[in-house]
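Working notes, structure below.
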Amino acid sequence: MVKRIAVLTSGGDAPGMNAAIRVCIRAGLYYGKEMYVVYDGYKGLVEGDIHQVTKDFTSDIINRGGTVIRTSRLPEFKDPKVVAKAVQQIHDYEIDAVIGIGGDGTYHGLEALAKQGVNVIGIPGTIDNDVASTDETIGFSTALNTICDCVDKIKDTSSSHQRCSIIEVMGRYCGDLAIFSSIAEAAEMTMTYDHPVGEVELFKKLRKIKAQKKSHAVVIVSENLLDVNYLAKRIEEETGFETKAEILGRLQRGGSPSAADRILASRLGSHAVELIVNEKFNRVVGIKDNKVVDFDIHEALDMPRDIHINLLKLIDMLQ
Ligand code: F6P
């Protein structure tokens, strides 16, 4: 029977991770388990930075951005020798199950532990919304709201100056933040991996907007797609539209989580603990059609991510 459960966060932090930590600890205590946290993700697991916590640890954290148990990226966790060190710590602390909150990288770490006989459960936490086994990741809603808030502010100044704004948003290689924010912000153009736009088309559209004397134009671009500063320069040269590039960067990861993220985290986290209580291991939790679901971790990592064909069509209709 499972007695001790440890919780860690790994990869890029996401608003709502604290809500997930909170529910895991509270649900675990509710089911009579001893609850532990691991600081600094897999780094802390390897180094044995593992601590027992009580309910007090979870007070006043649901509304806080970031992760109170910190996070890290540990590429070395691909090395079986490093994984073996983590497994040794898990045995030394007599931890029966590990819950990892993060994105694909975190899931790969959990999978490596599972292959060494550790019982694991994954909870999707990343602003990128790039985890195939869930319709939505914890942090996506808040980051989207933050982007909208920023774009609203950029529009205030760009309209005053009649400028075009090229706004780069995060997502690693997933265009969801760009697609959803484009719809919410009525962007004139959207450029993502799944929605590429050629220079000729872009310049033509911006020339038209300039000729119509519209107060501004907003182009939302996914990160890692192109150099937005260079694109801004090219637009000015080709269209005469004064253009500024804005890279929103890590401010998209900060801030108090939205109510939607707090609730999503609470639903997913409680299910994660219940899987462990029912001795169902090596699974990841997610939300599909607004129902909490779970999948085998290996299967989840092999799933192709949904491309939002309908939303891409909607963008074409709107733009
Ligand atoms: O995965 C979340 C994310 O913010 C991505 O959107 C981005 O590509 C990456 O993390 C940046 O990571 P870091 O802050 O470690 O440079």
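What you see below is based on every heavy atom in this structure, not just the backbone, and it leaves out hydrogens, waters and symmetry mates.
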Looking at side-chain heavy atoms only, is the closest gap between [X] and [Y] below 4.5 Å?
{"X": "I123", "Y": "V284", "answer": "no"}
{"X": "D294", "Y": "L275", "answer": "yes"}
{"X": "V293", "Y": "I287", "answer": "no"}
{"X": "I5", "Y": "Y36", "answer": "no"}
{"X": "E111", "Y": "H298", "answer": "yes"}
{"X": "L251", "Y": "C150", "answer": "yes"}
{"X": "N119", "Y": "I276", "answer": "no"}
{"X": "I209", "Y": "F241", "answer": "yes"}

Measuring from [X]:[atom1] to [Y]:[atom2], what's the distance to the nearest 0.5 Å?
{"X": "D149", "Y": "S181", "atom1": "CG", "atom2": "OG", "answer": "12.5 Å"}
{"X": "K210", "Y": "R163", "atom1": "NZ", "atom2": "CZ", "answer": "12.5 Å"}
{"X": "H216", "Y": "S165", "atom1": "NE2", "atom2": "OG", "answer": "7.5 Å"}
{"X": "I263", "Y": "I138", "atom1": "CD1", "atom2": "CD1", "answer": "12.5 Å"}
{"X": "I90", "Y": "I95", "atom1": "CD1", "atom2": "CD1", "answer": "8.0 Å"}
{"X": "T54", "Y": "L29", "atom1": "OG1", "atom2": "CG", "answer": "7.5 Å"}

Donor-acceptor contacts under 3.5 Å from residues 97-110 side chains, at least two apart:
unit_1	atom_1	unit_2	atom_2	d
T106	OG1	S10	O	3.3
T106	OG1	S10	OG	3.4
T106	OG1	G103	N	3.4

E223/V228 under side-chain contact (heavy atoms from CB on, under 4.5 Å): CA gap, chis, key distance, verdict | CA-CA 9 Å; E223 69 171 337; V228 285; over 6 Å; no
Same cluster or not: [X] versus [Y], using hydrophobic residues (I, L, V, M, F, W, Y) connected whenever any side-chain heavy atoms lie under 4.5 Å apart?
{"X": "V221", "Y": "V169", "answer": "no"}
{"X": "I121", "Y": "V37", "answer": "yes"}
{"X": "V285", "Y": "L113", "answer": "no"}

Does the [X] side chain pair with the main chain of [Y], one donor and one acceptor, at a distance under 3.5 Å?
{"X": "D261", "Y": "T142", "answer": "yes"}
{"X": "Q162", "Y": "S215", "answer": "no"}
{"X": "K205", "Y": "E188", "answer": "yes"}
{"X": "T157", "Y": "I154", "answer": "no"}
{"X": "S160", "Y": "D156", "answer": "yes"}
{"X": "Q252", "Y": "M170", "answer": "yes"}
{"X": "Y93", "Y": "G48", "answer": "yes"}
{"X": "T134", "Y": "V131", "answer": "no"}
{"X": "N224", "Y": "R172", "answer": "yes"}
{"X": "N129", "Y": "D176", "answer": "no"}

Are Y39 and H51 near enough that their ring centres are under 6.0 Å apart?
-> yes
Of all heavy-atom pairs between D40 and S72, which one has the smallest distance, and what is that distance?
-> O-OG, 2.7 Å
Please report the closest heavy-atom contact between V46 and Q89, naming both atoms and the distance.
-> O-NE2, 3.1 Å
Mind checking what makes side chain to side chain contact (heavy atoms under 4.5 Å, CB included) contact with [X], not counting sequence neighbours?
{"X": "E236", "value": "E242, T243"}
{"X": "V277", "value": "Y31, K33, V273"}
{"X": "E299", "value": "D296"}

Start with the C-alpha distance between T67 and T9, add both sets of side-chain angles, then the distance that settles side-chain hydrogen bond (donor to acceptor under 3.5 Å, both in side chains), and finish with yes or no.
-> CA-CA 7 Å; T67 157; T9 49; 2.9 Å; yes
Begin with the C-alpha distance, continue with both residues' side-chain angles, and end with the deciding distance and a verdict on side-chain hydrogen bond (donor to acceptor under 3.5 Å, both in side chains) for R305 and S133.
-> CA-CA 8 Å; R305 205 167 36 78; S133 48; over 6 Å; no
Any Lys/Arg nitrogen of [X] or [Y] sitting under 4.0 Å from an Asp/Glu carboxylate oxygen of the other?
{"X": "R64", "Y": "D60", "result": "no"}
{"X": "E76", "Y": "K43", "result": "no"}
{"X": "R4", "Y": "D96", "result": "no"}
{"X": "E238", "Y": "R207", "result": "yes"}
{"X": "D13", "Y": "R253", "result": "yes"}
{"X": "R234", "Y": "E199", "result": "yes"}

Mark yes when over 12 heavy atoms from residues, nucleotides or ligands other than K208 sit less than 6.0 Å from its NZ; otherwise mark no.
-> no
Verify side-chain contact (heavy atoms from CB on, under 4.5 Å) between V120 and R283, making sure each step is shown before the conclusion.
-> CA-CA 7 Å; V120 300; R283 303 194 68 76; over 6 Å; no
Begin with the C-alpha distance, continue with both residues' side-chain angles, and end with the deciding distance and a verdict on side-chain hydrogen bond (donor to acceptor under 3.5 Å, both in side chains) for T137 and T126.
-> CA-CA 6 Å; T137 55; T126 164; 5.3 Å; no
Residues that F180 engages under ring pair (Phe, Tyr, Trp, His ring centres under 6.0 Å), provided they are two or more places apart | F140, H308
Name all residues meeting the ring pair (Phe, Tyr, Trp, His ring centres under 6.0 Å) criterion together with Y173; count only those two or more places apart in sequence or in a different chain, and write none if there are none.
-> Y193
Would you sort out whether K155 and E185 count as a salt bridge (charged side-chain N to carboxylate O under 4.0 Å, His left out), showing the intermediate values?
-> CA-CA 10 Å; K155 275 185 185 173; E185 283 300 317; 3.3 Å; yes
Tell me, with the steps shown, if H195 and T190 meet side-chain hydrogen bond (donor to acceptor under 3.5 Å, both in side chains).
-> CA-CA 7 Å; H195 193 266; T190 307; 5.2 Å; no
side-chain contact (heavy atoms from CB on, under 4.5 Å) between I179 and L314, intermediate numbers included | CA-CA 10 Å; I179 292 165; L314 176 58; over 6 Å; no
Polar side chain donor-acceptor pair, Q88 to D92, under 3.5 angstrom | yes
From CA spacing to verdict: side-chain contact (heavy atoms from CB on, under 4.5 Å), V292, L268 | CA-CA 7 Å; V292 177; L268 297 184; 4.1 Å; yes
